[in-house]
Amino acid sequence: MEKFKEKEPVKKKLGLFDGIMLVMGSMIGSGIFIVSADIMRNLGSGYWLIVVWLITGVMTVAAAISYGELSSMFPKAGGQYTYLKEIFGKMMGFLYGWGLFTVIQTGTIAAVAVAFGKFTAYLIPALNDAAPIFQSGGYKITWIQIMAIGVILLLTYINTKGVESGKLLQNVFTGSKIIALIGLIILGFLLVKGSFWTENMSFGWSAFNNLKTDLSGNLTKSGWESISGMTIMGGIAAAMVGSVFSSVAWENVTFISGEIENPKKNVVRSMVLGTSAVMILYLLVNFIYLNTLGRDSIAFAPNDRVAVVASEQIFGNGIGTIVMAILVMVSTFGCVNGLVMAGARVFQTMATDGMFFKAALQNNKNGVPEKSLWMQGIWASVLCLSGQYGNLLDMISFVIVLFYMITVFGVIYLRLKKPSLERPYKTWLYPITPVIYLLIGAAFCILLLMYKQQYTWPGLIIVLIGVPVYFFINREKA
(Lines give C-alpha, C1' and ligand atoms only; values in the text may rest on other atoms or scores of the structure.)
Protein backbone atom coordinates (compact mmCIF):
# COMPACT_ATOMS: atom_id res chain seq x y z
CA MET A 1 0.00 0.00 0.00
CA GLU A 2 2.81 2.41 0.88
CA LYS A 3 4.45 1.71 -2.43
CA PHE A 4 1.23 2.66 -4.19
CA LYS A 5 0.90 5.92 -2.28
CA GLU A 6 4.45 6.97 -3.03
CA LYS A 7 4.11 6.71 -6.79
CA GLU A 8 5.33 9.63 -8.85
CA PRO A 9 2.75 12.40 -9.20
CA VAL A 10 0.44 11.88 -12.17
CA LYS A 11 1.47 14.01 -15.15
CA LYS A 12 -1.24 16.36 -16.42
CA LYS A 13 -1.65 14.96 -19.92
CA LEU A 14 -5.25 15.86 -20.75
CA GLY A 15 -6.32 19.33 -21.88
CA LEU A 16 -9.80 20.85 -22.22
CA PHE A 17 -10.35 19.32 -25.68
CA ASP A 18 -9.42 15.86 -24.38
CA GLY A 19 -11.82 16.33 -21.46
CA ILE A 20 -14.68 17.28 -23.78
CA MET A 21 -13.91 14.29 -26.01
CA LEU A 22 -13.93 11.99 -22.98
CA VAL A 23 -17.30 13.36 -21.83
CA MET A 24 -18.84 12.99 -25.30
CA GLY A 25 -17.19 9.61 -25.87
CA SER A 26 -18.48 8.24 -22.56
CA MET A 27 -22.02 9.48 -23.23
CA ILE A 28 -22.44 8.42 -26.86
CA GLY A 29 -22.55 4.66 -26.79
CA SER A 30 -25.57 2.86 -28.15
CA GLY A 31 -28.63 4.51 -26.68
CA ILE A 32 -29.30 7.23 -29.23
CA PHE A 33 -29.27 4.62 -32.00
CA ILE A 34 -31.75 2.34 -30.20
CA VAL A 35 -33.88 3.75 -27.37
CA SER A 36 -36.16 6.05 -29.39
CA ALA A 37 -38.06 2.90 -30.39
CA ASP A 38 -39.04 2.23 -26.78
CA ILE A 39 -39.88 5.91 -26.20
CA MET A 40 -42.25 5.85 -29.19
CA ARG A 41 -43.89 2.59 -28.00
CA ASN A 42 -44.57 4.22 -24.63
CA LEU A 43 -45.95 7.56 -25.89
CA GLY A 44 -46.78 7.17 -29.61
CA SER A 45 -46.35 10.81 -30.66
CA GLY A 46 -43.62 12.91 -32.25
CA TYR A 47 -44.33 15.72 -29.77
CA TRP A 48 -43.81 13.46 -26.77
CA LEU A 49 -40.67 11.90 -28.27
CA ILE A 50 -39.11 15.38 -28.46
CA VAL A 51 -40.38 16.32 -24.97
CA VAL A 52 -38.71 13.26 -23.42
CA TRP A 53 -35.35 14.17 -24.98
CA LEU A 54 -35.74 17.85 -23.98
CA ILE A 55 -36.47 16.93 -20.35
CA THR A 56 -33.47 14.58 -20.35
CA GLY A 57 -31.28 17.31 -21.85
CA VAL A 58 -32.29 19.84 -19.19
CA MET A 59 -31.66 17.23 -16.47
CA THR A 60 -28.25 16.26 -17.80
CA VAL A 61 -26.88 19.78 -18.30
CA ALA A 62 -28.29 20.92 -14.92
CA ALA A 63 -26.50 18.03 -13.21
CA ALA A 64 -23.22 18.79 -15.04
CA ILE A 65 -23.41 22.48 -14.04
CA SER A 66 -24.04 21.48 -10.41
CA TYR A 67 -21.24 18.88 -10.39
CA GLY A 68 -18.87 21.59 -11.59
CA GLU A 69 -18.91 23.25 -8.19
CA LEU A 70 -17.89 19.99 -6.51
CA SER A 71 -15.23 19.21 -9.12
CA SER A 72 -13.62 22.59 -8.46
CA MET A 73 -13.68 22.01 -4.69
CA PHE A 74 -12.35 18.43 -4.83
CA PRO A 75 -10.10 18.32 -7.93
CA LYS A 76 -8.72 14.84 -7.37
CA ALA A 77 -9.19 11.35 -8.74
CA GLY A 78 -12.26 9.36 -7.73
CA GLY A 79 -14.88 11.84 -8.93
CA GLN A 80 -18.37 11.26 -7.60
CA TYR A 81 -17.12 8.72 -5.06
CA THR A 82 -14.77 11.37 -3.62
CA TYR A 83 -17.49 14.05 -3.55
CA LEU A 84 -19.96 11.85 -1.67
CA LYS A 85 -17.31 10.66 0.77
CA GLU A 86 -16.16 14.23 1.52
CA ILE A 87 -19.70 15.62 1.89
CA PHE A 88 -21.69 12.85 3.54
CA GLY A 89 -18.98 10.59 4.99
CA LYS A 90 -17.34 7.29 4.17
CA MET A 91 -20.50 5.21 4.25
CA MET A 92 -22.23 7.25 1.52
CA GLY A 93 -19.06 7.19 -0.55
CA PHE A 94 -18.90 3.42 -0.14
CA LEU A 95 -22.56 2.92 -1.09
CA TYR A 96 -21.96 4.85 -4.31
CA GLY A 97 -18.80 2.85 -5.02
CA TRP A 98 -20.66 -0.37 -4.23
CA GLY A 99 -23.49 0.72 -6.55
CA LEU A 100 -20.94 1.66 -9.21
CA PHE A 101 -19.40 -1.80 -9.07
CA THR A 102 -22.57 -3.87 -8.73
CA VAL A 103 -24.96 -1.97 -11.01
CA ILE A 104 -23.93 1.41 -12.45
CA GLN A 105 -20.57 1.05 -14.20
CA THR A 106 -20.71 -2.69 -14.77
CA GLY A 107 -24.37 -2.61 -15.81
CA THR A 108 -23.68 0.18 -18.30
CA ILE A 109 -20.73 -1.76 -19.67
CA ALA A 110 -22.99 -4.81 -20.05
CA ALA A 111 -25.83 -2.91 -21.74
CA VAL A 112 -23.56 -1.13 -24.23
CA ALA A 113 -21.75 -4.39 -25.00
CA VAL A 114 -25.11 -6.09 -25.67
CA ALA A 115 -25.91 -3.22 -28.05
CA PHE A 116 -22.61 -3.86 -29.85
CA GLY A 117 -23.78 -7.45 -30.32
CA LYS A 118 -27.13 -6.27 -31.70
CA PHE A 119 -25.50 -4.12 -34.38
CA THR A 120 -23.01 -6.87 -35.23
CA ALA A 121 -26.02 -9.14 -35.75
CA TYR A 122 -27.25 -6.69 -38.38
CA LEU A 123 -24.12 -7.38 -40.44
CA ILE A 124 -24.16 -11.10 -39.60
CA PRO A 125 -27.84 -12.15 -39.76
CA ALA A 126 -26.99 -15.67 -38.59
CA LEU A 127 -26.41 -14.20 -35.10
CA ASN A 128 -29.95 -12.84 -35.08
CA ASP A 129 -31.56 -15.94 -36.50
CA ALA A 130 -29.71 -18.48 -34.34
CA ALA A 131 -31.74 -20.33 -31.73
CA PRO A 132 -31.08 -19.30 -28.11
CA ILE A 133 -28.31 -21.24 -26.38
CA PHE A 134 -30.62 -21.58 -23.37
CA GLN A 135 -34.27 -20.67 -22.84
CA SER A 136 -36.63 -21.06 -19.91
CA GLY A 137 -39.90 -19.18 -20.24
CA GLY A 138 -39.15 -15.53 -21.05
CA TYR A 139 -35.49 -15.84 -20.01
CA LYS A 140 -32.95 -16.75 -22.66
CA ILE A 141 -29.24 -16.63 -23.36
CA THR A 142 -28.44 -15.67 -26.95
CA TRP A 143 -25.31 -15.56 -29.08
CA ILE A 144 -25.56 -11.76 -28.98
CA GLN A 145 -25.11 -11.87 -25.20
CA ILE A 146 -22.13 -14.22 -25.59
CA MET A 147 -20.59 -11.78 -28.08
CA ALA A 148 -21.12 -8.95 -25.56
CA ILE A 149 -19.21 -10.94 -22.93
CA GLY A 150 -16.42 -11.52 -25.44
CA VAL A 151 -16.11 -7.77 -26.08
CA ILE A 152 -15.98 -6.99 -22.35
CA LEU A 153 -13.29 -9.60 -21.66
CA LEU A 154 -11.26 -8.54 -24.71
CA LEU A 155 -11.27 -4.85 -23.74
CA THR A 156 -10.51 -5.73 -20.12
CA TYR A 157 -7.49 -7.74 -21.31
CA ILE A 158 -6.32 -4.90 -23.59
CA ASN A 159 -6.59 -2.43 -20.70
CA THR A 160 -4.39 -4.62 -18.51
CA LYS A 161 -1.58 -4.09 -21.04
CA GLY A 162 -1.22 -0.37 -20.28
CA VAL A 163 -2.81 2.94 -21.25
CA GLU A 164 -0.16 4.46 -23.53
CA SER A 165 -2.38 4.50 -26.61
CA GLY A 166 -5.62 5.03 -24.68
CA LYS A 167 -5.94 8.75 -25.42
CA LEU A 168 -5.44 8.29 -29.18
CA LEU A 169 -7.84 5.33 -29.38
CA GLN A 170 -10.51 7.11 -27.38
CA ASN A 171 -10.31 10.22 -29.56
CA VAL A 172 -10.58 8.07 -32.71
CA PHE A 173 -13.62 6.26 -31.30
CA THR A 174 -15.25 9.53 -30.23
CA GLY A 175 -14.56 11.09 -33.62
CA SER A 176 -16.29 8.13 -35.28
CA LYS A 177 -19.37 8.57 -33.10
CA ILE A 178 -19.63 12.29 -33.84
CA ILE A 179 -19.14 11.68 -37.57
CA ALA A 180 -21.90 9.04 -37.49
CA LEU A 181 -24.35 11.41 -35.80
CA ILE A 182 -23.52 14.50 -37.90
CA GLY A 183 -23.62 12.42 -41.10
CA LEU A 184 -27.02 11.01 -40.15
CA ILE A 185 -28.34 14.50 -39.35
CA ILE A 186 -27.14 16.20 -42.56
CA LEU A 187 -28.00 13.40 -44.96
CA GLY A 188 -31.33 12.76 -43.24
CA PHE A 189 -32.47 16.19 -44.37
CA LEU A 190 -30.78 16.16 -47.80
CA LEU A 191 -31.41 12.67 -49.14
CA VAL A 192 -34.74 11.49 -47.73
CA LYS A 193 -37.37 11.19 -50.47
CA GLY A 194 -40.59 11.18 -48.45
CA SER A 195 -40.96 13.06 -45.14
CA PHE A 196 -43.02 11.63 -42.27
CA TRP A 197 -42.60 14.76 -40.11
CA THR A 198 -46.14 16.11 -40.61
CA GLU A 199 -47.68 12.68 -39.96
CA ASN A 200 -45.66 12.12 -36.78
CA MET A 201 -46.49 15.58 -35.44
CA SER A 202 -50.20 15.33 -36.38
CA PHE A 203 -50.99 13.55 -33.10
CA GLY A 204 -50.19 16.76 -31.20
CA TRP A 205 -50.22 16.33 -27.43
CA SER A 206 -52.30 13.16 -27.61
CA ALA A 207 -50.36 10.17 -26.29
CA PHE A 208 -50.62 6.45 -27.07
CA ASN A 209 -48.84 3.23 -26.26
CA ASN A 210 -48.34 -0.11 -27.95
CA LEU A 211 -46.68 -2.36 -25.39
CA LYS A 212 -48.49 -5.71 -25.42
CA THR A 213 -46.28 -8.81 -25.52
CA ASP A 214 -46.80 -12.53 -26.03
CA LEU A 215 -45.89 -15.28 -23.54
CA SER A 216 -42.24 -15.12 -24.66
CA GLY A 217 -42.04 -11.39 -23.99
CA ASN A 218 -42.04 -10.40 -27.67
CA LEU A 219 -43.99 -7.33 -28.81
CA THR A 220 -47.22 -8.18 -30.61
CA LYS A 221 -47.92 -4.79 -32.33
CA SER A 222 -51.52 -5.17 -31.17
CA GLY A 223 -52.52 -1.57 -31.95
CA TRP A 224 -52.16 1.87 -30.41
CA GLU A 225 -54.14 2.65 -27.26
CA SER A 226 -54.87 6.24 -26.22
CA ILE A 227 -53.53 7.18 -22.76
CA SER A 228 -54.11 10.23 -20.55
CA GLY A 229 -53.60 11.66 -17.06
CA MET A 230 -51.24 9.81 -14.74
CA THR A 231 -50.80 7.09 -17.35
CA ILE A 232 -48.99 9.66 -19.51
CA MET A 233 -46.76 10.51 -16.54
CA GLY A 234 -45.95 6.84 -16.12
CA GLY A 235 -45.30 6.60 -19.85
CA ILE A 236 -42.90 9.55 -19.70
CA ALA A 237 -40.98 7.98 -16.81
CA ALA A 238 -40.82 4.62 -18.59
CA ALA A 239 -39.74 6.33 -21.82
CA MET A 240 -37.06 8.35 -20.01
CA VAL A 241 -35.33 5.19 -18.83
CA GLY A 242 -33.75 4.90 -22.27
CA SER A 243 -33.01 8.59 -22.81
CA VAL A 244 -31.47 8.90 -19.34
CA PHE A 245 -29.30 5.84 -19.97
CA SER A 246 -28.15 7.41 -23.26
CA SER A 247 -27.13 10.56 -21.39
CA VAL A 248 -25.13 9.21 -18.44
CA ALA A 249 -21.41 8.55 -17.88
CA TRP A 250 -20.41 12.19 -18.49
CA GLU A 251 -19.17 12.19 -14.89
CA ASN A 252 -16.46 9.68 -15.87
CA VAL A 253 -14.26 12.69 -16.61
CA THR A 254 -14.21 13.37 -12.86
CA PHE A 255 -12.77 9.90 -12.25
CA ILE A 256 -9.52 10.98 -13.94
CA SER A 257 -9.48 14.65 -12.89
CA GLY A 258 -6.01 14.11 -11.44
CA GLU A 259 -4.68 13.83 -15.01
CA ILE A 260 -6.40 16.95 -16.40
CA GLU A 261 -4.62 20.27 -16.72
CA ASN A 262 -6.11 22.96 -14.46
CA PRO A 263 -8.82 20.58 -13.14
CA LYS A 264 -10.54 23.28 -11.09
CA LYS A 265 -11.70 24.90 -14.33
CA ASN A 266 -11.32 22.34 -17.11
CA VAL A 267 -13.34 19.54 -15.51
CA VAL A 268 -16.48 21.67 -15.23
CA ARG A 269 -15.92 23.13 -18.71
CA SER A 270 -15.56 19.61 -20.11
CA MET A 271 -18.77 18.45 -18.43
CA VAL A 272 -20.94 21.45 -19.39
CA LEU A 273 -19.67 21.84 -22.98
CA GLY A 274 -19.60 18.07 -23.59
CA THR A 275 -23.09 17.36 -22.23
CA SER A 276 -24.60 20.36 -24.05
CA ALA A 277 -23.08 19.30 -27.39
CA VAL A 278 -24.26 15.70 -26.99
CA MET A 279 -27.83 16.65 -26.04
CA ILE A 280 -28.10 18.98 -29.07
CA LEU A 281 -26.85 16.14 -31.32
CA TYR A 282 -29.35 13.73 -29.73
CA LEU A 283 -32.25 16.12 -30.34
CA LEU A 284 -31.26 16.62 -33.98
CA VAL A 285 -30.94 12.86 -34.53
CA ASN A 286 -34.50 12.40 -33.26
CA PHE A 287 -35.66 15.07 -35.70
CA ILE A 288 -34.18 12.84 -38.43
CA TYR A 289 -36.01 9.78 -37.11
CA LEU A 290 -39.28 11.73 -37.21
CA ASN A 291 -38.51 13.04 -40.70
CA THR A 292 -37.51 9.71 -42.28
CA LEU A 293 -39.72 7.14 -40.50
CA GLY A 294 -43.39 6.72 -39.63
CA ARG A 295 -44.56 6.04 -36.08
CA ASP A 296 -44.70 2.26 -36.49
CA SER A 297 -41.31 2.14 -38.20
CA ILE A 298 -39.72 3.93 -35.23
CA ALA A 299 -41.60 1.95 -32.56
CA PHE A 300 -41.06 -1.47 -34.13
CA ALA A 301 -37.65 -1.16 -35.77
CA PRO A 302 -36.13 -4.68 -35.86
CA ASN A 303 -34.33 -5.20 -32.53
CA ASP A 304 -34.92 -1.49 -31.85
CA ARG A 305 -32.19 -0.47 -34.35
CA VAL A 306 -33.91 2.79 -35.33
CA ALA A 307 -30.70 4.31 -36.74
CA VAL A 308 -30.26 1.43 -39.15
CA VAL A 309 -33.85 1.65 -40.42
CA ALA A 310 -33.48 5.43 -40.83
CA SER A 311 -30.26 4.83 -42.77
CA GLU A 312 -32.10 2.46 -45.10
CA GLN A 313 -34.53 5.27 -45.91
CA ILE A 314 -31.70 7.77 -46.41
CA PHE A 315 -29.14 5.65 -48.29
CA GLY A 316 -31.14 2.69 -49.54
CA ASN A 317 -30.34 -0.88 -48.52
CA GLY A 318 -26.77 -0.75 -49.82
CA ILE A 319 -23.42 0.37 -48.51
CA GLY A 320 -24.68 3.35 -46.52
CA THR A 321 -26.59 1.23 -44.03
CA ILE A 322 -23.64 -1.11 -43.57
CA VAL A 323 -21.38 1.89 -42.92
CA MET A 324 -23.83 3.16 -40.29
CA ALA A 325 -23.93 -0.22 -38.54
CA ILE A 326 -20.11 -0.34 -38.51
CA LEU A 327 -19.88 3.21 -37.13
CA VAL A 328 -22.31 2.33 -34.34
CA MET A 329 -20.26 -0.77 -33.57
CA VAL A 330 -17.16 1.44 -33.33
CA SER A 331 -19.13 3.80 -31.09
CA THR A 332 -20.26 1.10 -28.67
CA PHE A 333 -16.85 -0.62 -28.70
CA GLY A 334 -15.15 2.66 -27.81
CA CYS A 335 -17.72 3.48 -25.15
CA VAL A 336 -17.16 0.13 -23.43
CA ASN A 337 -13.40 0.74 -23.58
CA GLY A 338 -13.73 4.13 -21.85
CA LEU A 339 -16.08 2.77 -19.19
CA VAL A 340 -13.79 -0.19 -18.47
CA MET A 341 -10.77 2.08 -18.11
CA ALA A 342 -12.43 4.76 -15.93
CA GLY A 343 -14.38 2.47 -13.60
CA ALA A 344 -11.38 0.43 -12.56
CA ARG A 345 -9.63 3.62 -11.35
CA VAL A 346 -12.49 4.41 -8.96
CA PHE A 347 -12.34 0.93 -7.44
CA GLN A 348 -8.59 1.38 -7.01
CA THR A 349 -9.22 4.74 -5.25
CA MET A 350 -11.73 3.00 -2.99
CA ALA A 351 -9.14 0.34 -2.17
CA THR A 352 -6.72 3.06 -0.95
CA ASP A 353 -9.45 4.06 1.55
CA GLY A 354 -9.90 0.45 2.66
CA MET A 355 -13.34 0.41 0.98
CA PHE A 356 -12.71 -2.25 -1.67
CA PHE A 357 -10.81 -5.50 -2.08
CA LYS A 358 -7.13 -4.99 -1.29
CA ALA A 359 -6.21 -6.79 -4.51
CA ALA A 360 -7.67 -3.84 -6.47
CA LEU A 361 -5.04 -1.55 -4.97
CA GLN A 362 -1.96 -2.86 -6.72
CA ASN A 363 -0.87 -1.93 -10.22
CA ASN A 364 0.66 -4.58 -12.47
CA LYS A 365 3.99 -4.22 -14.30
CA ASN A 366 2.23 -2.09 -16.94
CA GLY A 367 1.14 0.45 -14.34
CA VAL A 368 -2.58 -0.41 -14.39
CA PRO A 369 -4.88 -1.97 -11.72
CA GLU A 370 -5.18 -5.37 -13.41
CA LYS A 371 -7.11 -7.15 -10.66
CA SER A 372 -9.57 -4.25 -10.38
CA LEU A 373 -10.12 -4.45 -14.14
CA TRP A 374 -10.80 -8.19 -14.05
CA MET A 375 -13.20 -7.94 -11.08
CA GLN A 376 -15.16 -5.32 -13.00
CA GLY A 377 -15.05 -7.29 -16.27
CA ILE A 378 -16.22 -10.57 -14.79
CA TRP A 379 -19.17 -9.00 -12.96
CA ALA A 380 -20.19 -7.02 -16.09
CA SER A 381 -20.15 -10.33 -17.99
CA VAL A 382 -22.50 -11.86 -15.42
CA LEU A 383 -24.87 -8.91 -15.87
CA CYS A 384 -24.93 -9.58 -19.63
CA LEU A 385 -26.68 -12.85 -18.77
CA SER A 386 -29.06 -11.31 -16.21
CA GLY A 387 -31.62 -10.04 -18.70
CA GLN A 388 -32.30 -8.38 -22.00
CA TYR A 389 -31.18 -4.87 -22.93
CA GLY A 390 -34.33 -3.11 -21.66
CA ASN A 391 -34.18 -4.81 -18.27
CA LEU A 392 -30.62 -3.59 -17.73
CA LEU A 393 -31.60 -0.05 -18.71
CA ASP A 394 -34.45 0.05 -16.21
CA MET A 395 -32.29 -1.10 -13.32
CA ILE A 396 -29.30 1.10 -14.15
CA SER A 397 -31.11 4.37 -14.94
CA PHE A 398 -33.03 4.39 -11.65
CA VAL A 399 -29.95 3.88 -9.48
CA ILE A 400 -27.83 6.35 -11.48
CA VAL A 401 -30.42 9.14 -11.11
CA LEU A 402 -30.73 8.36 -7.40
CA PHE A 403 -27.01 8.96 -6.84
CA TYR A 404 -26.99 11.98 -9.16
CA MET A 405 -29.72 13.47 -6.94
CA ILE A 406 -27.75 12.82 -3.75
CA THR A 407 -24.64 14.40 -5.28
CA VAL A 408 -26.53 17.46 -6.62
CA PHE A 409 -28.15 17.85 -3.18
CA GLY A 410 -24.59 17.84 -1.83
CA VAL A 411 -24.02 21.20 -3.55
CA ILE A 412 -26.93 22.74 -1.61
CA TYR A 413 -25.91 20.95 1.61
CA LEU A 414 -22.35 22.32 1.47
CA ARG A 415 -23.60 25.86 0.73
CA LEU A 416 -25.69 25.72 3.91
CA LYS A 417 -23.28 23.84 6.19
CA LYS A 418 -19.92 25.20 5.00
CA PRO A 419 -20.52 28.51 3.19
CA SER A 420 -16.93 29.67 3.79
CA LEU A 421 -15.28 26.85 1.80
CA GLU A 422 -13.35 28.00 -1.26
CA ARG A 423 -15.39 27.51 -4.45
CA PRO A 424 -13.26 28.26 -7.55
CA TYR A 425 -16.42 27.70 -9.63
CA LYS A 426 -19.95 28.35 -8.39
CA THR A 427 -23.03 26.67 -9.85
CA TRP A 428 -24.64 28.88 -12.50
CA LEU A 429 -28.10 30.17 -11.46
CA TYR A 430 -27.82 28.58 -8.00
CA PRO A 431 -30.11 27.41 -6.40
CA ILE A 432 -32.41 27.16 -9.45
CA THR A 433 -30.15 24.75 -11.38
CA PRO A 434 -29.76 22.05 -8.69
CA VAL A 435 -33.43 22.39 -7.65
CA ILE A 436 -34.56 21.81 -11.26
CA TYR A 437 -32.53 18.61 -11.36
CA LEU A 438 -33.82 17.43 -7.98
CA LEU A 439 -37.47 18.02 -8.96
CA ILE A 440 -37.22 16.22 -12.32
CA GLY A 441 -35.11 13.42 -10.81
CA ALA A 442 -37.54 12.90 -7.92
CA ALA A 443 -40.52 12.72 -10.29
CA PHE A 444 -38.65 10.23 -12.50
CA CYS A 445 -37.71 7.95 -9.59
CA ILE A 446 -41.15 8.06 -7.93
CA LEU A 447 -42.96 7.29 -11.19
CA LEU A 448 -40.58 4.44 -11.95
CA LEU A 449 -41.20 2.96 -8.51
CA MET A 450 -44.93 3.17 -9.23
CA TYR A 451 -44.93 1.85 -12.80
CA LYS A 452 -41.77 -0.29 -13.22
CA GLN A 453 -41.21 -1.84 -9.81
CA GLN A 454 -39.95 -5.13 -11.21
CA TYR A 455 -36.76 -3.46 -12.42
CA THR A 456 -36.27 -0.53 -10.02
CA TRP A 457 -36.37 -2.51 -6.79
CA PRO A 458 -33.64 -5.00 -7.78
CA GLY A 459 -31.19 -2.14 -8.39
CA LEU A 460 -32.16 -0.40 -5.15
CA ILE A 461 -31.87 -3.63 -3.15
CA ILE A 462 -28.40 -4.29 -4.58
CA VAL A 463 -27.28 -0.85 -3.37
CA LEU A 464 -28.86 -1.35 0.08
CA ILE A 465 -27.03 -4.66 0.46
CA GLY A 466 -23.98 -2.41 0.57
CA VAL A 467 -24.97 -1.26 4.08
CA PRO A 468 -24.16 -4.56 5.85
CA VAL A 469 -21.17 -5.01 3.52
CA TYR A 470 -19.86 -1.61 4.68
CA PHE A 471 -20.19 -2.55 8.36
CA PHE A 472 -18.57 -5.91 7.68
CA ILE A 473 -15.59 -4.26 6.00
CA ASN A 474 -15.25 -1.75 8.84
CA ARG A 475 -15.90 -4.16 11.72
CA GLU A 476 -12.26 -4.06 12.86
CA LYS A 477 -12.20 -0.25 12.87
CA ALA A 478 -15.21 0.07 15.16
Side-chain ([X]) to main-chain ([Y]) donor-acceptor, under 3.5 angstrom:
X      : Y      : value
Asn200 : Leu293 : yes
Gln105 : Leu100 : no
Lys177 : Gly25  : yes
Trp98  : Ile462 : yes
Asn266 : Glu261 : yes
Thr174 : Asn171 : no

task = Hey, can you tell me if Phe101 and Trp379 have their rings parallel, tilted or perpendicular (30° and 60° cut-offs)?
result =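 Ring orientation of Phe101 relative to Trp379: parallel.
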Are [X] and [Y] side-chain neighbours, meaning at least one heavy-atom pair lies under 4.5 Å?
X      : Y      : result
Ser26  : Val253 : no
Thr254 : Tyr83  : yes
Tyr404 : Gln80  : yes
Phe94  : Met350 : yes
Val244 : Val248 : yes
Phe333 : Val112 : no
Met24  : Met27  : no
Ile322 : Ile326 : yes

message = Using ring-ring contact (aromatic ring centres under 6.0 Å, His included), reason through Tyr96 and Tyr81 one step at a time and then give a plain yes or no.
response = CA-CA 6 Å; Tyr96 171 72; Tyr81 161 74; 7.5 Å; no
request  = Start with the C-alpha gap between Trp457 and Phe398, add the side-chain angles, then the distance that decides, and say whether ring-ring contact (aromatic ring centres under 6.0 Å, His included) holds.
outcome  = CA-CA 9 Å; Trp457 281 110; Phe398 175 76; 7.7 Å; no
Full working for side chain to side chain contact (heavy atoms under 4.5 Å, CB included) between Asn366 and Thr160 = CA-CA 7 Å; Asn366 299 313; Thr160 65; 5.8 Å; no
Heavy-atom closest pair, residues [X] and [Y]:
X      : Y      : result
Met201 : Tyr47  : O-CE1, 3.1 Å
Ala237 : Leu448 : O-CD2, 3.9 Å
Lys118 : Ile144 : N-CG2, 3.7 Å
Gly235 : Asn42  : O-CB, 3.8 Å
Ala64  : Thr275 : CB-OG1, 3.7 Å
Ile20  : Gly274 : CG2-CA, 4.2 Å

Rounded to the nearest 0.5 Å, what's the gap from [atom1] on [X] to [atom2] on [Y]? Could you check?
X      : Y      : atom1 : atom2 : answer
Leu181 : Ser331 : CG    : OG    : 7.0 Å
Arg295 : Phe300 : CZ    : CZ    : 9.0 Å
Leu373 : Met341 : CG    : CE    : 10.0 Å
Thr292 : Leu187 : OG1   : CG    : 11.5 Å
Thr349 : Phe356 : OG1   : CZ    : 11.5 Å
Leu43  : Phe208 : CG    : CZ    : 11.0 Å

Would you say the side-chain atoms of [X] and [Y] include a donor-acceptor pair closer than 3.5 Å?
X      : Y      : answer
Asn363 : Glu370 : no
Gln348 : Ser372 : no
Glu69  : Thr427 : yes
Asn286 : Trp53  : yes
Glu251 : Tyr67  : no

Ile185: which of Leu190, Leu283, Leu284 passes side chain to side chain contact (heavy atoms under 4.5 Å, CB included) = Leu284
message = Using the rule side chain to side chain contact (heavy atoms under 4.5 Å, CB included), only one of Thr106, Ile104, Ile152, Thr108 pairs with Leu339; which is it?
response = Thr108
query = Salt bridge or not for Arg41 and Asp296, using N-O below 4.0 Å?
reply =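 So Arg41 does not pair with Asp296 through a salt bridge.
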message = If you count every heavy atom of other residues, nucleotides or ligands that lies below 6.0 Å from Lys85 atom NZ, does the total exceed 12?
response =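 More than 12 within 6.0 Å, yes.
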request  = Could you walk me through whether Val241 and Phe444 pass side chain to side chain contact (heavy atoms under 4.5 Å, CB included), step by step?
outcome  = CA-CA 9 Å; Val241 165; Phe444 173 74; 4.2 Å; yes
ask   = Taking it one step at a time, do Ser247 and Tyr282 satisfy side chain to side chain contact (heavy atoms under 4.5 Å, CB included)?
value = CA-CA 9 Å; Ser247 310; Tyr282 281 1; 3.9 Å; yes
inquiry  = Could you go through Thr142 and Ile133, starting from their C-alpha distance and side-chain angles, then the distance that decides it, and tell me whether this counts as side chain to side chain contact (heavy atoms under 4.5 Å, CB included)?
reply    = CA-CA 6 Å; Thr142 67; Ile133 299 167; over 6 Å; no
query = Should Trp197 and Phe287 be marked as a ring-ring contact (aromatic ring centres under 6.0 Å, His included) after you check the CA-CA gap, both sets of side-chain angles, and the distance that decides it?
reply = CA-CA 8 Å; Trp197 180 270; Phe287 287 167; 5.6 Å; yes
